[in-house]
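Structure first, commentary second.
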Amino acid sequence: MAGESNKRQKREDHRNAVDKKTGDPQLPRKKLYRQRAHANPFSDHVLNYPTSPADMDWTSLYPAFTFERLEPQPYAKELTAVKRMSKNVEIADIGCGFGGLLFALAPRFPDTLVLGLEIRTSVTEFVQEKIRALRHQDTVEGLYQNVACIRANTMKFLPNFFVKAQLSKIFLCFPDPHFKARKHKARIVSITLNSEYAYVLKPGGIVYTITDVEDLHKWMVEHFEAHPSFERVGEEEQEADPCVDVMRTETEEGKKVERNEGVKFVALFKRLEDPPWPCES
Ligand SMILES: C[S@@+](CC[C@H](N)C(=O)[O-])C[C@H]1O[C@@H](n2cnc3c(N)ncnc32)[C@H](O)[C@@H]1O
């Protein structure tokens, strides 16, 4: 406990310290935010999440993508100035860890809102601190205004954040493998969860997966191929997608596998159009 409060104090000191030359906030140090590798997705964590996407306030996460307008309010005679978003989140990195992919994608898609969702508290805080520092450093091009990170257990609450067909890309990079058969239910890919990914993805949208665990790769392929809303993207189209290279090289886990000369298994799945209801055909 003393160790944790000591670490918290060090983080606070580092957060308040500025770069002596530029006066900018310093980038956070990973070593102050390290946390046990696995968080149990079935635990009752104390999490903040909206009861529905309409209740989610994105304006504080992406202030550069907001505007104000006057709107009527219940029981008020006067119109009130309300902040609204000019864009919605379109790219989600599920289990973003320390955010390597987010920081690589954000400048490549400067007009698209990118969101990391991460279950571990300290790791989420690291990404949020890094975003704060990078935004402060880059006042000329306005980079990193389009990236944010929230603490969330996506296995439980993904549809609380996104409306139907909101997202164009979902990344599942190096998800926890949960090797033992009795732990497979904790995997981030399953028939049930794939239905949630299908719900929040727009037709033509892509789920990107990468892992160094062959058994998990086969599991992900098997579960997405078995799902009627997805089809696997062919090798040629996969390799032509610039996000694939980013996912291979910029994720923290991808870099680790590279250092250990390990193998990376990639598979992409396209969200298909829903078939017409019988009464529509
Ligand atoms: C092995 S790490 C991969 C991190 C990052 N994607 C990368 O490739 O470097 C898996 C991450 O998923 C997070 N995670 C696991 N289950 C989750 C859940 N249900 N909701 C959100 N994040 C989760 C873990 O905390 C961990 O940071």
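Counting starts at 1 for both ligands and their atoms, in listed order.
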Taking NZ, NE, NH1 and NH2 as the nitrogens, is one of them in [X] or [Y] under 4.0 Å from a carboxylate oxygen of the other?
X    : Y    : value
E258 : K264 : yes
E252 : R34  : no
R259 : D212 : no

Interatomic spacing from NZ in K169 to NZ in K202 - rounded to 0.5 Å: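 That separation rounds to 10.0 Å.
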Geometric class of the Y33/F126 ring pair [parallel <30°, tilted 30-60°, perpendicular >60°]: perpendicular
Mind listing the N or O contacts between ligand 1 and protein, cut-off under 3.5 Å?
{"residue": "ligand 1", "atom": "6 (N)", "partner": "G95", "partner atom": "O", "Å": "2.8"}
{"residue": "ligand 1", "atom": "6 (N)", "partner": "C173", "partner atom": "O", "Å": "2.9"}
{"residue": "ligand 1", "atom": "8 (O)", "partner": "C173", "partner atom": "O", "Å": "3.4"}
{"residue": "ligand 1", "atom": "9 (O)", "partner": "E252", "partner atom": "N", "Å": "3.2"}
{"residue": "ligand 1", "atom": "9 (O)", "partner": "E253", "partner atom": "N", "Å": "3.0"}
{"residue": "ligand 1", "atom": "19 (N)", "partner": "N153", "partner atom": "OD1", "Å": "2.8"}
{"residue": "ligand 1", "atom": "20 (N)", "partner": "A152", "partner atom": "O", "Å": "3.4"}
{"residue": "ligand 1", "atom": "20 (N)", "partner": "T154", "partner atom": "N", "Å": "3.1"}
{"residue": "ligand 1", "atom": "20 (N)", "partner": "T154", "partner atom": "OG1", "Å": "3.4"}
{"residue": "ligand 1", "atom": "22 (N)", "partner": "I119", "partner atom": "N", "Å": "3.2"}
{"residue": "ligand 1", "atom": "25 (O)", "partner": "E118", "partner atom": "OE2", "Å": "2.5"}
{"residue": "ligand 1", "atom": "25 (O)", "partner": "R120", "partner atom": "NE", "Å": "3.0"}
{"residue": "ligand 1", "atom": "27 (O)", "partner": "E118", "partner atom": "OE1", "Å": "2.7"}
{"residue": "ligand 1", "atom": "27 (O)", "partner": "E118", "partner atom": "OE2", "Å": "3.2"}
{"residue": "ligand 1", "atom": "27 (O)", "partner": "R120", "partner atom": "NH2", "Å": "3.0"}

Donor-acceptor side-chain pairing of E90 and S168 below 3.5 angstrom: yes
